[in-house]
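These numbers come from the heavy atoms of this one structure, side chains and all, not from hydrogens, waters or symmetry mates. In what follows, chains carry the letters A, B, and so on, assigned in the order in which the sequence lines appear, proteins first and then strands, with residues in each chain numbered from 1. Here the structure is a predicted model, which is why all the values come from computation and not from measurement.
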2 protein chains.
Amino acid sequence: MTDSTSHAVVGVVLRVRDGRLEALTAAAELGEGGLEAALARALDVRALAHVEQLETRMAAGRLTTAYLGLVPPGVELDGDWRPVGDLLELPFDTASLVTAACARLRAKLSYTNVGFALAPATFTLSELRQIYVAALGHDVSTTNLQRVLIRRGVLERVEGRRAPGRAGGRPAALYRFASRRLEVTDEFAALRPPR
Amino acid sequence: MTDSTSHAVVGVVLRVRDGRLEALTAAAELGEGGLEAALARALDVRALAHVEQLETRMAAGRLTTAYLGLVPPGVELDGDWRPVGDLLELPFDTASLVTAACARLRAKLSYTNVGFALAPATFTLSELRQIYVAALGHDVSTTNLQRVLIRRGVLERVEGRRAPGRAGGRPAALYRFASRRLEVTDEFAALRPPR
DNA sequence: CCAAAAGTGTTATGCTTACACCCATGT
DNA sequence: ACATGGGTGTAAGCATAACACTTTTGG
């Protein structure tokens, strides 16, 4: 049997800009090429540092498969970017996908290395902190961010320092993500296998 | 535009029986009624204590949306149940969905109350332990299981005790899950919001 | 010399694991 | 009494959070 339902692929792309988490949505109809191919027609996937599927919904006889994409600073992706939290002008189902995307991002920030997809190639800890603050929606201490990510092996020191701004201050060390592909770094909180 | 791709909904159902994790798969073509309706045609969803979507794939021009379902002991669901780990006779893509389902279950057992969907209404801690051991694939200490689940408020004591078997032993207290709907009980391991 | 920003040291807290010990029942 | 399974008490380990303090720069 064959169905004749319209099937859209929606990309929900997130980025951090000016200390705010912003979202962009784009859609294309599913064709012969497959889900990822439709996503590629909807937007320039080369700009995305990370992509993962969110979910597939059916409403009003229309299928929608949503993807989460993340764009690092410095990479341009044109479209109608708008701050998350200002979703009132979006249709309800789109807004709800953006909310789902943000929830997924927040969760993964705490137990994976996804941060790499929102950060530039190299950065200072303050810069990384701003990204985490924007994405998580609550304050994060630079000290603890560093401890956690270093101990897990997520961050690596890199040569050189960032010169301080006008106000002075100690020059900041530069870091990078050890891997730029998604890795689970803190698998299970409880009920770990015995040693 | 309208696509004419065939679209199957596959249910991957898991249960624990005789100390082993078993899987059953069933599929139906997507129709007008929507994804959940197709799932209901594939199998008796009334038997499932929990259902959630896994993912949507497209391979060889064919769409597949997979769901994870969980059945508690004492509820019958007919079909070709087979132990997880004995997937060689299944087509590759089905086997890979079963693997994904198990991974999802294992992960959620550690930070949610999903256990309710694999356990009977009331049970002893030993019985619950056996379920966790089978689902996680590694040993779990009864002591720690109790501590973790009680502190999180996932388990509740219930009136009465289970009489010991032939070999004697102290009668076991009975417990139940405080909620029988999915709840996240251990949100973030790291980077929690400040107090 | 002072302010500002970055980074380290130290302590406290909380959750989990490990393990020893006590409890209740059948034979 | 003793074996068996159930349950609790206690201590240890580990990761995170909090915060004080030191370091390095610009003005």
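Across residues 110-120 of chain B, not one residue has a non-hydrogen atom less than 4.0 Å from an atom of DNA chain C. Taken residue by residue, residues 129-137 of chain B places no heavy atom nearer than 4.0 Å to DNA chain D.
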Donor-acceptor pairs under 3.5 Å, side chain of residues 102-109 of chain A to any protein atom, not counting sequence neighbours: which ones?
from     : atom 1 : to      : atom 2 : distance (Å)
A:Arg104 : NH1    : A:Glu52 : OE2    : 2.7
A:Arg104 : NH1    : A:Gln53 : O      : 3.2
A:Arg104 : NH2    : A:Leu54 : O      : 3.4
A:Lys108 : NZ     : A:Glu52 : OE1    : 3.2
A:Lys108 : NZ     : A:Glu52 : OE2    : 3.4

Tell me which donor-acceptor pairs under 3.5 Å the side chains of residues 157-175 of chain B have, and how far apart each pair is, sequence neighbours excluded?
from     : atom 1 : to       : atom 2 : distance (Å)
B:Arg161 : NH1    : B:Pro171 : O      : 3.4
B:Arg162 : NH1    : B:Glu127 : OE2    : 2.4

Ignoring hydrogens and angles, write down the donor-acceptor pairs under 3.5 Å from the side chains of residues 20-28 of chain A, residues two or more places apart or on other chains.
from    : atom 1 : to      : atom 2 : distance (Å)
A:Glu22 : OE1    : A:Arg15 : NE     : 2.8
A:Glu22 : OE1    : A:Arg15 : NH2    : 3.0

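Between the side chains of B:Thr122 and B:Arg176, no donor-acceptor pair of N or O atoms lies under 3.5 Å. Under 3.5 Å, the side chains of A:Ser141 and A:Asn144 contain a donor-acceptor pair of N or O atoms.
Between B:Arg161 atom CZ and C:dG26 atom C1' the separation is 16 Å, expressed in whole Å. At whole-Å resolution of the value, CZ in B:Arg166 and C1' in C:dA24 are 19 Å apart.
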Decide side-chain contact (heavy atoms from CB on, under 4.5 Å) for B:Val16 and B:Val133; before the verdict, give the C-alpha distance in whole Å, the side-chain angles of both, and the deciding distance to 0.1 Å.
CA-CA 10 Å; B:Val16 174; B:Val133 168; over 6 Å; no
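Shown here for B:Leu48 and B:Val71, the closest heavy-atom pair between the two residues is CD2-CG2, 3.6 Å.
Running 5' to 3' along DNA chain D, contacts with non-hydrogen atoms of chain A at under 4.0 Å begin and end at D:dA15 to D:dG27.
For B:Asp186, the salt bridge (Lys or Arg N to Asp or Glu O under 4.0 Å) partners at least two apart in sequence or on another chain are B:Arg152. Partners of B:Arg17 under the salt bridge (Lys or Arg N to Asp or Glu O under 4.0 Å) rule, at least two apart in sequence or in another chain, are B:Glu76. With sequence neighbours excluded, no residue forms a ring pair (Phe, Tyr, Trp, His ring centres under 6.0 Å) with B:Tyr132.
A:Ala163 comes within 4.0 angstrom of no nucleic acid atom, judged by non-hydrogen atoms across all strands.
Within the 3.5 Å criterion, the main-chain N or O of B:Thr124 finds no donor-acceptor partner in the side chain of B:Arg129.
Proximity of the aromatic rings of B:Phe123 and B:Phe116 is defined here by a centroid distance below 6.0 angstrom, and this criterion is not met.
No single ILVMFWY cluster, assembled from side-chain heavy atoms under 4.5 Å apart, contains both B:Val98 and B:Val13.
The stretch residues 56-112 of chain A participates, sequence neighbours left out, in no ring-ring contact (aromatic ring centres under 6.0 Å, His included) pair at all.
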Give the B/S/- string for nucleotides 12-20 of chain C, one per nucleotide from 5' to 3', where a protein heavy atom under 4.0 Å of the base yields B, of only the sugar-phosphate yields S, and otherwise -.
---SBBBB-
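If you run side chain to side chain contact (heavy atoms under 4.5 Å, CB included) between A:Arg57 and each of A:Leu63, A:Leu97, A:Thr65, only A:Leu97 comes through.
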Using atom names, set out every protein N or O paired with an N or O of nucleotides 2-5 of chain C below 3.5 Å, distance rounded to 0.1 Å.
from  : atom 1 : to       : atom 2 : distance (Å)
C:dA5 : N3     : A:Arg170 : N      : 3.3

